[in-house]
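What follows is a set of notes on a single structure, which appears directly below.
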Amino acid sequence: MGKNIILTGDRPTGRLHLGHYVGSLKRRVELQNSGEYDEINILIADDQALTDNADDPGKIRDNIINVVLDYLSAGLDPEKTTICVQSALPALHALTFYYMNLVTTARLSRNPTVKAEIQMRGFADEGLPAGFFTYPVSQAADITAFNANVVPVGEDQLPMLEQTREIVEKFNRVYGDTLVLPKAMIPENETQRRLPGVDGKAKMSKSLGNCIYLSDTPKAVKKQVNGHMFTDPQHLRVEDPGHIEGNVVFTYLDAFCTKDHFAEYLPEYSDLDEMKEHYRRGGLGDGTCKKFLISVLEETLGPIRAERARWEADIDTVYDILKAGTEKAVETTNETLGRVRKAMRIDYFEDRSIVKEWEAILRKQKNQ
């Protein structure tokens, strides 16, 4: 029976926020501590970040440390999880090139995730960088290089994983059974799949200023909740009936609060359902709801913030963790590249057996 291996990762374009935490980071820590997986690999995808930030590489370089600090402060353990840097793994570049020969430009252009990203980033007007266009092929190289059979993804990323599966199937069909076929691990519930920005937009975005970062101060969190969080625009007075649907305060409470939070901070309600019912019939103000949410968020962010401060005081160790993880990943990905080259019969200098093959070819040519 093969190993259970996970690959996941992030583009280092900024600090991680609550959307990352709910959508992937919290789940990664749970998977790491479950004991159900032989390997968990987390890739800091700086190469892929450069596909739409090539004119600002400093942004990527500077944010690698932010991403690693967010990982460690949220509970990722370098003794259990390999954290590594994409650009420092040369095998990924070679695999990407080989796989590009197995994919047509027509197929890449039909990828729904790529099409959505093209529109979001304005490439439809400015012209599409070739590196960004082949993003799905690069992801296929990442996944297969680590022999991952499980890839945690949101539903919006399923087309990317399907492209990887197509590449694996075609490679194995053409060159022989060499690569591991991965499967998706979808978030278990709706709140894990998509946490909106504080303004109600579908996605948290640094450019929109609608994020709550894992490293934000209590003051910054309070400002985002009280000053910018979308509620119910029709709930003008406390006594007015309110709507839960689309109300970001309650979306966040769905994601973070527990019964224990009510006992601690809002004992007049036994649970969130009771609080929602009061809001719907009227008599519960947005200010009370936001104050409760701030207390709930601080229970999550306080320990993360404290742990981050501890790591920030020891950047030498953070560097060593990242270096060691990357060196381990180099060995893993080079082994996969060697297997791929052998299957493609382009491992010319592994031994001298090719000399006899060439001699046989020349004899055959002379006898024709």
Side-chain angles (χ1 to χ4, degrees), residues 3-50 53 57-93 138-139 141-143 145-148 150-152 213-216 300-337:
K3 289 184 175 181
N4 276 329
I5 298 174
I6 285 178
L7 178 75
T8 183
D10 298 284
R11 288 158 41 101
T13 55
R15 294 174 294 154
L16 301 185
H17 49 61
L18 284 179
H20 295 115
Y21 182 77
V22 169
S24 59
L25 191 48
K26 182 181 178 182
R27 181 64 171 146
R28 291 175 193 172
V29 175
E30 292 170 351
L31 294 170
Q32 164 194 272
N33 297 333
S34 70
E36 297 177 5
Y37 297 91
D38 299 288
E39 294 178 25
I40 296 181
N41 302 284
I42 300 185
L43 187 67
I44 300 178
D46 59 328
D47 276 343
Q48 289 172 8
L50 284 169
N53 289 280
K59 172 184 175 183
I60 310 305
R61 179 185 175 90
D62 294 348
N63 277 304
I64 285 175
I65 185 60
N66 276 316
V67 172
V68 177
L69 287 170
D70 284 332
Y71 286 165
L72 297 173
S73 61
L76 287 175
D77 182 351
E79 295 296 321
K80 300 177 181 178
T81 296
T82 299
I83 303 172
C84 53
V85 178
Q86 185 181 41
S87 63
L89 308 178
L92 302 183
H93 307 142
S138 174
Q139 283 200 335
D142 300 338
I143 293 166
F146 286 89
N147 305 303
V150 178
V151 183
Y213 293 99
L214 300 182
S215 54
D216 272 347
T300 296
L301 292 174
I304 293 174
R305 195 183 292 125
E307 187 69 4
R308 183 184 174 104
R310 185 176 76 82
W311 285 109
E312 285 179 344
D314 191 9
I315 296 301
D316 271 340
T317 298
V318 175
Y319 174 89
D320 290 339
I321 287 169
L322 190 56
K323 185 172 184 287
T326 301
E327 288 172 349
K328 180 181 177 183
V330 166
E331 293 181 11
T332 300
T333 56
N334 280 350
E335 192 278 333
T336 301
L337 178 59

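Computed from heavy atoms alone, side chains included, the values below leave out hydrogens, waters and symmetry copies.
- In this structure, the side chains of Val151 and Ile6 stay at 4.5 Å or more apart for every pair of heavy atoms.
- Residue His20 holds its NE2 atom at 11.5 Å from CZ of Arg15, rounded to the nearest 0.5 Å.
- Inter-residue side-chain proximity for Leu301 and Leu18 is flagged as met; some heavy-atom pair is nearer than 4.5 Å.
- A distance of 13.5 Å separates CD1 in Ile321 from OH in Tyr71, rounded to the nearest 0.5 Å.
- Using a 4.5 Å heavy-atom threshold, the side chains of Ile40 and Arg28 count as separate.
- Within the 4.5 Å cutoff, the side chain of Asp62 has no heavy atoms near those of the Ile60 side chain.
- A donor-acceptor contact shorter than 3.5 Å links the side chain of Thr333 to the backbone of Val330.
- Atom CG in Leu16 sits 8.5 Å away from atom OG in Ser73 (nearest 0.5 Å).
- For the pair Lys3 and Asn147, the minimum side-chain heavy-atom distance is 4.5 Å or more.
- Put simply, the side chain of Asn33 reaches to within 4.5 Å of the side chain of Lys80, judged on heavy atoms.
- Residue pairs satisfying the side chain to side chain donor-acceptor pair (under 3.5 Å) criterion with at least one member in residues 36-46, sequence neighbours excluded, are listed as follows: Asp46-Ser87.
- Under the 4.5 Å side-chain criterion, counting only non-hydrogen atoms from C-beta, Leu76 is in contact with Leu25.
- Atom CD of Glu312 sits about 11.5 Å away from atom CZ of Arg305, to the nearest 0.5 Å.
- Gln32 places a side-chain N or O within 3.5 Å of a backbone atom of Gly75 that can act as its donor or acceptor partner.
- Atoms CD1 and SG, from Ile44 and Cys84 in turn, are 7.5 Å apart once rounded to the nearest 0.5 Å.
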Could you go through the side-chain contact (heavy atoms from CB on, under 4.5 Å) check for Leu31 and Val150 one step at a time? CA-CA 11 Å; Leu31 294 170; Val150 178; over 6 Å; no
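- The side-chain contact (heavy atoms from CB on, under 4.5 Å) with Leu89 is formed by just one residue from the set Asp47, Thr326, Leu337, Thr332; it is Thr326.
- Val68 has its side chain out of reach of Pro12: every pair of non-hydrogen atoms, C-beta onward, lies at least 4.5 Å apart.
- Shown here are the salt bridge (Lys or Arg N to Asp or Glu O under 4.0 Å) partners of Asp70, two or more places apart in sequence or in another chain: Arg308.
- When Thr13, Asp142, Asn53 are each tested for a side-chain hydrogen bond (donor to acceptor under 3.5 Å, both in side chains) with Gln48, only one passes: Asp142.
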Please assess Glu331 against Lys328 for the test salt bridge (Lys or Arg N to Asp or Glu O under 4.0 Å), listing each intermediate value before the final yes or no. CA-CA 5 Å; Glu331 293 181 11; Lys328 180 181 177 183; over 6 Å; no
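- Interatomic distance, CG of Leu92 versus CZ of Phe146, reported as 6.0 Å (0.5 Å rounding).
- Between Glu307 and Arg310 a salt bridge is recorded (basic side-chain N to carboxylate O distance below 4.0 Å).
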